[in-house]
Amino acid sequence: MSQNTKLLTKASWDPADVHATRLPPLFTLRWMTRSLSMAMVNIVLMQITFYTTDTLGLNPVIIGMLMLGAKVFDAFTDLIASYIIDHTHTRWGKARPFELCIVPIWVLVVAFFSTPDMSDTAKYVYIFVVYVLLSCVFMTFLNTQDSTYLRRSLRGGQRISKVLSRKGVLQMLLSGLGHAALPQLIVLWGDQPGGWTKITLVYAIPMMFLGLVRMLTIKELPEEVLNGNKPAEKKQEEPKLDFKTSVNALLRNRYMWMVAGMVLVCHFGQNIVSAVNTHFFKYVVGDVGFMSYISLIGVLPTFLVLFMPAAIKRIGAMGFIRIGLFCSLAGFALVGVFSRVLPVVIVGQVLGTAGLGLFTTFSSFFVIQCMAYGEWKTGYKLESMMDAMPSFATKIGQGVAASLAGFGLTLIGFDSQLETQSAFTQGGLTAMVSVVPLVFVVLALLLTQMYRRLDKNIMKVDEDLANGIHADASSLSL
């Protein structure tokens, strides 16, 4: 490549140019719109345990079991949805049409937090049905196409890392404001009849429309461009993939399982804190409103993700993630030791959640690495089925966290009818927002250490694929 060509390539806005470093105009802003909408969905859903126990007066153990049951059911819907997406061919592309799922998602969120006044049994049935539709159907289709959509709309690993890092900052800044507003809305309307309907509508109406911007403005690249990375003499017809073959290829991708494991434990750590954090601040700290400070101060560490592209060159993407996880260890330890010292609690929770959030922000980057590894290892190009793994892990993490939160609240003697909880209960709440997530941070660190081998060799994998070389003919051993 000549010097002039290199300069042109560097300045190129063409999303199909694998050598370009410059992003198409406003690409990150357009890309993050649906992600921000979904982040707001998750922020609201983090209040499920608090809403169902303190507002509806339901049994936290039963609620936890219902949430876990729905997530287990997701094991089947994720694989089915990903298989459908991998075999979807429309004029809009493969993944892009499923962005429309953001509309019924917000409708169901409002429906969940508007549970009618009826018998407890009827409430349990209503909550389960709405949550299954929300999580097992529409969120499944939306989550299992995200990395596939990005990989099919923009070429070049450096540009993808830029999108994810900048999106991470913008999303965390804006979702941080949404997170900070939620405790104040709970204080304002949470105890009023229909108050939770008002709270969710504040988020649902603008976020539903914002969530459609990405689909309307970012197109998937043509198939001939997506398949044009091999020399002409190396091109061959892609092997047909039935469901059994797809699953077998997925099972052989051990690094994808590591990523799914990391997603699981990171989301578990985040969601166990979120599930009981309102209880912790109400009954241990003494004021739910103080949660807003965590959300506002928590936006500061988000700027660190801008260093991700540079960090990839020096210490590798996973090395950067590990730094964040060590910060999480320190943060949750501070919360456990100084649970009565508000400034330390705030700093500790900011560090703890920021470190976990760093990986979840960049999980798509590692999924795309695993897509390349899977094609190199097996010869089969799986896209959405790879997306299904972290999607499933995310929902299992959320479900297990909700279930454990319910069991935990019962185990520590929590009683929503009491204005003041016992010292034992308060200590239990503290442990659930410090010791429990700390354990899962340790598990995440172990998995990241195992994964680093692929992270260090991903460029060689990409080079092999570009030359039509797979694992059986490569000098690389992974």
Side-chain angles (χ1 to χ4, degrees), residues 42 46 64 67-68 71-72 74-75 78 143 250-251 253-277 280 301 305 315-337 348-367 369-370 373 386-408 411 428-456:
N42 290 325
M46 287 174 182
M67 298 298 102
L68 181 59
K71 296 306 181 182
V72 171
D74 264 350
D78 272 300
N143 290 330
L250 181 61
L251 291 174
N253 193 325
R254 58 176 178 165
Y255 290 102
M256 187 70 256
W257 288 92
M258 294 178 196
V259 170
M262 287 182 270
V263 170
L264 174 65
V265 296
C266 286
H267 273 285
F268 186 93
Q270 287 178 306
N271 282 277
I272 192 65
V273 173
S274 298
V276 298
N277 215 27
F280 172 72
V305 303
I315 59 175
M318 196 53 75
F320 188 65
I321 297 299
R322 286 173 61 81
I323 293 175
L325 291 175
F326 279 114
C327 289
S328 286
L329 280 179
F332 289 127
L334 286 173
V335 174
V337 176
Q349 285 213 347
V350 167
L351 286 174
T353 55
L356 291 174
L358 188 64
F359 176 76
T360 56
T361 297
F362 284 98
S363 59
S364 292
F365 183 87
F366 300 107
V367 171
Q369 284 188 344
C370 290
Y373 170 78
M386 293 290 182
D387 259 343
M389 292 299 296
S391 171
F392 172 60
T394 296
K395 288 181 283 188
I396 288 295
Q398 293 169 345
V400 173
S403 179
L404 185 60
F407 279 110
L411 188 64
L429 289 171
T430 301
M432 291 177 72
V433 298
S434 58
V435 178
V436 175
L438 190 148
V439 170
F440 283 87
V441 173
V442 173
L443 292 176
L445 280 167
L446 293 175
L447 288 168
T448 58
Q449 181 62 31
M450 295 167 62
Y451 183 88
R452 292 182 74 181
R453 188 176 180 188
L454 175 60
D455 190 39
K456 291 178 180 179

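Computed from a predicted model, the values in this text were never measured in an experiment.
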Heavy-atom closest pair, residues Ser328 and Gly355: OG-CA, 3.0 Å
Spacing of Asn271 atom CG and Phe440 atom CZ [to the nearest 0.5 Å]: 11.5 Å
side-chain contact (heavy atoms from CB on, under 4.5 Å) assessment of Phe332 paired with Leu356: CA-CA 11 Å; Phe332 289 127; Leu356 291 174; 3.8 Å; yes
Heavy-atom closest pair, residues Val276 and Ala405: CG1-CB, 3.9 Å
Validation row: Tyr255, Arg453 side chains within 4.5 angstrom (heavy atoms): yes
Parallel, tilted or perpendicular: rings of Phe366 and Phe359 (30°, 60°): parallel
Residue pair Val441, Phe326: steps toward the side-chain contact (heavy atoms from CB on, under 4.5 Å) verdict: CA-CA 8 Å; Val441 173; Phe326 279 114; over 6 Å; no
Separation between CH2 of Trp257 and SG of Cys370, rounded to the nearest 0.5 Å: 12.0 Å
Contact check, side chains of Met256 and Val367, non-hydrogen atoms, under 4.5 Å: yes
Interatomic spacing from CG in Leu411 to CE in Met432 - rounded to 0.5 Å: 9.0 Å
Stepwise side-chain contact (heavy atoms from CB on, under 4.5 Å) check, Val265 with Val442: CA-CA 9 Å; Val265 296; Val442 173; over 6 Å; no
Heavy-atom side-chain contact between Ile321 and Met262 under 4.5 Å: no
Interatomic distance, Arg452 atom CZ to Ile315 atom CD1 [nearest 0.5 angstrom]: 8.0 Å
Rounded distance (nearest 0.5 Å) linking atom CG of Asn143 with atom CG of Asp78: 8.0 Å
Where Ala393 and Leu264 come nearest, the two heavy atoms and their spacing: O-CD1, 3.4 Å
Shortest non-hydrogen contact from Ala444 toward Cys266: CB-SG, 4.1 Å
Any Met318 side-chain heavy atom under 4.5 Å of Leu454 side chain: no
Residues Val263, Met389; criterion side-chain contact (heavy atoms from CB on, under 4.5 Å); working and verdict: CA-CA 9 Å; Val263 170; Met389 292 299 296; over 6 Å; no
CG-CZ distance between Leu447 and Arg322, expressed to the nearest 0.5 angstrom: 10.5 Å
Minimum heavy-atom distance between Cys327 and Leu351, given as atom pair plus value: O-CB, 3.7 Å
For Pro437 against Val273, the heavy-atom pair lying closest together: CG-CG2, 3.7 Å
